[in-house]
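Quick note on labels: first sequence line is chain A, next is B, and so on, each numbered from 1.
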Amino acid sequence: MPWLLKTEPDCYSIDDLARDKRTRWNGVRNYQARNFMRDGMKVGDPVLIYHSSADPPGVVGVASVSAAAEADVTALDPNDDHFDPKATKANPIWMSVEVQFVERLPALIEIGLLRATKGIEAMALLQRGQRLSVQPVTEREFEIVMRLARGTKPPKPRVGRAK
DNA sequence: GCCAACGTTGGC
DNA sequence: GCCAACGTTGGC
């Protein structure tokens with residue numbers, strides 16, 4: 001299933017991912033987000049990359065899950081910004097998946113455009129007060145965002161449920 | 001920079 | 001286990 005990962009471009013941007021080709025999504029310190037990475041994200045799942053606290057914020061690219069979650073070693077490193085004194089080797093607490101670069105979108109899809117787009121009103125990203133940095137995205141939401149990216153119209157709603 | 005919304009912490 | 005205080009997120 002598709003996902004969305006938020007990142008602050010000042011910290012790690014789509015350009016950084018394009019350069020690195022793949023990266024461990026380390027530094028996530030929220031249990032719900034960790035659980036999505038640990039239990040939900042499967043190798044091959046597509047991932048929207050979203051720039052938060054950017055001007056403007058929006059979806060900038062696509063990645064895919066390239067390796068399943070494992071211990072986030074940055075939690076064990078006292079010199080790392082994401083050090084967690086409660087984490088141990090036996091119980092690292094935090095986990096992260098590896099993602100690989102797929103593509104940069106031809107243009108950033110601003111959050112305002114997303115808000116104005118029919119069919120994706122229920123996207124987690126667009127809900128008030130939500131700040132989760134790892135979010136599930138439905139197949140249809142993913143498809144609509146990709147069509148926005150390619151400048152074509154979103155598909156008509158399907159009747160009934162997929163699969 | 002503001003501030004609403006949310007998660008976490010810690011006293012009790 | 002409650003909940004007030006605090007810290008963080010992130011759009012605006």
Side-chain angles (χ1 to χ4, degrees), chain A residues 1-20 23-41 45-63 65 69-99 101-138 140-149 151 154:
Chain A
M1 94 182 282
W3 302 88
L4 180 144
L5 291 176
K6 285 187 199 169
T7 183
E8 299 191 17
D10 290 346
C11 175
Y12 195 84
S13 72
I14 188 70
D15 293 331
D16 294 320
L17 182 59
R19 177 198 64 216
D20 296 343
T23 192
R24 275 279 152 199
W25 208 254
N26 286 331
V28 173
R29 295 293 178 267
N30 170 281
Y31 286 102
Q32 199 179 350
R34 179 205 66 181
N35 294 348
F36 279 136
M37 287 201 283
R38 184 188 63 192
D39 306 328
M41 297 178 86
D45 282 353
V47 177
L48 298 172
I49 301 295
Y50 178 86
H51 279 178
S52 61
S53 296
D55 189 18
V59 176
V60 290
V62 181
V65 178
E70 53 185 58
D72 178 344
V73 293
T74 64
L76 302 171
D77 179 0
N79 296 317
D80 195 282
D81 288 344
H82 303 288
F83 174 64
D84 181 348
K86 295 195 291 295
T88 64
K89 257 203 156 131
N91 179 23
I93 303 180
W94 304 109
M95 302 187 75
S96 56
V97 294
E98 183 192 79
V99 296
F101 177 77
V102 173
E103 64 175 315
R104 215 182 313 244
L105 298 184
L108 176 143
I109 305 175
E110 294 187 31
I111 189 167
L113 176 58
L114 294 173
R115 290 195 193 283
T117 299
K118 293 265 165 49
I120 54 174
E121 295 86 352
M123 267 187 91
L125 180 73
L126 305 179
Q127 304 314 301
R128 100 186 318 247
Q130 83 71 33
R131 11 176 257 196
L132 201 57
S133 66
V134 179
Q135 306 178 353
V137 173
T138 68
R140 179 170 168 77
E141 288 161 354
F142 185 83
E143 186 182 359
I144 290 174
V145 173
M146 293 311 290
R147 292 202 182 219
L148 277 178

Visitor: Test side-chain hydrogen bond (donor to acceptor under 3.5 Å, both in side chains) on Thr117(A) and Arg147(A); report intermediate values, then the result.
Guide: CA-CA 11 Å; Thr117(A) 299; Arg147(A) 292 202 182 219; over 6 Å; no
Visitor: Does a donor on one side chain sit under 3.5 Å from an acceptor on the other, for Ser13(A) and Arg19(A)?
Guide: no
Visitor: Taking the ring of Tyr31(A) and the ring of Trp94(A), is the distance between their centroids below 6.0 Å?
Guide: yes
Visitor: Return the value, rounded to whole Å, for the distance between atom CD of Gln130(A) and atom P of dG11(C).
Guide: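 Spelled out: CD on Gln130(A) to P on dG11(C) is 8 Å.
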Visitor: Figure out the CZ/P separation between Arg131(A) and dT8(C), and round it to whole Å.
Guide: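 In whole Å, dT8(C) P and Arg131(A) CZ are 10 Å from each other.
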Visitor: If you measure from the Lys or Arg side-chain nitrogens to the Asp or Glu carboxylate oxygens, is any gap between Glu70(A) and Arg24(A) under 4.0 Å?
Guide: yes
Visitor: Would you mind reading off the distance between Arg34(A) atom CZ and dG7(B) atom C1', rounded to a whole angstrom?
Guide: 14 Å
Visitor: Between Ser96(A) and Asn26(A), do the side chains contain an N or O donor and an N or O acceptor separated by less than 3.5 Å?
Guide: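 Short answer, yes.
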Visitor: If the cut-off is 4.0 Å, is Tyr50(A) near the phosphate of dG11(C), judged by side-chain N/O to OP1 or OP2?
Guide: yes
Visitor: Could you state the NE2-P distance from His82(A) to dT9(C), rounded to the nearest angstrom?
Guide: 9 Å
Visitor: Rounding to an integer number of Å, can you tell me how far Leu4(A) CG sits from dT9(C) P?
Guide: 17 Å
Visitor: Specify the separation, in whole Å, of atom CD of Gln127(A) and atom C1' of dT9(C).
Guide: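 Roughly 16 Å, once rounded to whole Å.
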Visitor: For Leu126(A) and dG11(C), give me the distance from atom CG to atom P, rounded to whole Å.
Guide: 11 Å
Visitor: Is Lys86(A) close enough to dT8(B) that one of its side-chain N or O atoms is under 4.0 Å from OP1 or OP2 there?
Guide: no
Visitor: Check this one for me: any side-chain N or O of Arg115(A) less than 4.0 Å away from OP1 or OP2 of dC12(C)?
Guide: yes
Visitor: Can you measure Asp55(A) atom CG to dG11(C) atom P for me and round it to whole angstrom units?
Guide: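 Asp55(A) atom CG is separated from dG11(C) atom P by 11 Å.
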Visitor: Picking from dG11(C), dT8(B), dG10(C), which would you name as closest to the side chain of Ile111(A)?
Guide: dG11(C)
Visitor: Report the nucleotide, chosen from dT8(B), dT9(B), dG7(C), that has the shortest atom-to-atom distance to any side-chain atom of Tyr31(A).
Guide: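 Output: dT8(B).
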Visitor: Has Lys6(A) got a side-chain N or O lying under 4.0 Å from the OP1 or OP2 atom of dG10(C)?
Guide: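 The answer is yes; a side-chain N or O of Lys6(A) sits under 4.0 Å from OP1 or OP2.
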